[in-house]
Amino acid sequence: EAGVTQFPSHSVIEKGQTVTLRCDPISGHDNLYWYRRVMGKEIKFLLHFVKESKQDESGMPNNRFLAERTGGTYSTLKVQPAELEDSGVYFCASSPVTSGYEQYFGPGTRLTVT
Amino acid sequence: GENVEQHPSTLSVQEGDSAVIKCTYSDSASNYFPWYKQELGKRPQLIIDIRSNVGEKKDQRIAVTLNKTAKHFSLHITETQPEDSAVYFCAANPAGNMLTFGGGTRLMVKP
């Protein structure tokens with residue numbers, strides 16, 4: 001079974017630019033989560049999709065972040081415009097609807113804003 | 001909201017020794033506690049988890065204990081090996097499906 005995949009693995013952009021991160025969950029997993037780890041700190045929750053609906057977006061830092069999951073399959077997270085403090089590793093995770101607890105993580109996208 | 005504290009932040013042990021990592025949580029509604037291992041440059045990998053109706057769970061060399069009254073849970077690794085070297089994260093599930101993570105423990109196993 002293929003795991004959660006994320007693209008790109010690394011992204012370096014300048015302050016003010018736009019970046020879009022993509023996550024492909026494990027096939028059949030209705031629950032999709034975005035998390036972020038800023039250097040040296042804990043992994044923090046950003047938001048949770050159930051299929052195409054946003055279940056919880058309480059962790060989104062501000063309106064520069066926009067997440068979508070059209071059709072309930074892959075998800076994108078867009079940062080526009082990017083700021084220096086957005087640098088970090090963005091993780092995506094998915095879990096099957098029957099479980100709702102075990103979350104399987106992708107390899108992450110390392111975003112560097114200069 | 002939920003707050004998870006993890007200690008120690010770094011832990012160095014000799015190969016063959018045991019390692020213990022401890023976490024405390026604040027929200028008594030949390031009922032699921034996973035542990036993740038992240039090797040350098042790789043994804044966080046779920047290694048063991050425990051639910052609130054169980055006090056202890058073991059899987060080969062790793063075990064997790066949970067004390068709901070005291071709101072703390074611990075990861076125990078016995079007979080450590082160099083390949084156990086990684087960053088370990090504890091987490092708690094306070095509401096819905098989101099996870100709240102501890103700050104991580106960098107475990108170094110010296111051969």
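The figures that follow rest on heavy atoms only: side chains count, while hydrogens, waters and symmetry mates do not. To find a chain, count down the sequence lines: A is the first, B the second, and so on, and within it residues start at 1. In this text, all values refer to a predicted model and were calculated from it rather than measured experimentally.
When the shell of 6.0 Å around CD of B/Gln60 is examined, it contains 12 or fewer heavy atoms from other residues, nucleotides or ligands. The 12-atom threshold is exceeded at NZ of B/Lys68, counting heavy atoms of other residues, nucleotides or ligands nearer than 6.0 Å. The local environment of CD in B/Glu79 is sparse, with at most 12 non-hydrogen atoms from other residues, nucleotides or ligands closer than 6.0 Å. Atom CZ of A/Phe7 sits in a sparse spot, with 12 or fewer heavy atoms from other residues, nucleotides or ligands closer than 6.0 Å. The number of heavy atoms from other shown groups lying within 6.0 Å of CZ (B/Arg106) does not exceed 12. No more than 12 heavy atoms of other residues, nucleotides or ligands lie within 6.0 Å of NZ in A/Lys15, so this atom counts as exposed by the packing criterion.
Residue contact with chain B, scored on non-hydrogen atoms closer than 4.5 Å, involves the side chain of A/Arg37 exclusively. Of the two parts of B/Gln38, only the side chain, counted from C-beta on, holds a non-hydrogen atom closer than 4.5 Å to a non-hydrogen atom of chain A.
A donor-acceptor pair is defined here as one N or O able to donate and one able to accept, closer than 3.5 Å; no such pair exists between the side chain of A/Tyr33 and the backbone of B/Leu99. Between the B/Arg43 side chain and the A/Gly3 main chain, no donor and acceptor come within less than 3.5 Å of each other.
To the nearest 0.5 Å, atoms CG (A/Leu46) and CE (B/Met98) are separated by 10.0 Å. Atom OH in A/Tyr104 sits 6.5 Å away from atom CG in B/Leu46 (nearest 0.5 Å).
Chain A forms the most heavy-atom pairs under 4.5 Å with one residue out of B/Pro44, B/Ser9, B/Gly104, and that residue is B/Pro44.
Within the 4.5 Å cutoff, no side-chain heavy atoms of A/Glu42 are placed close to those of B/Phe89.
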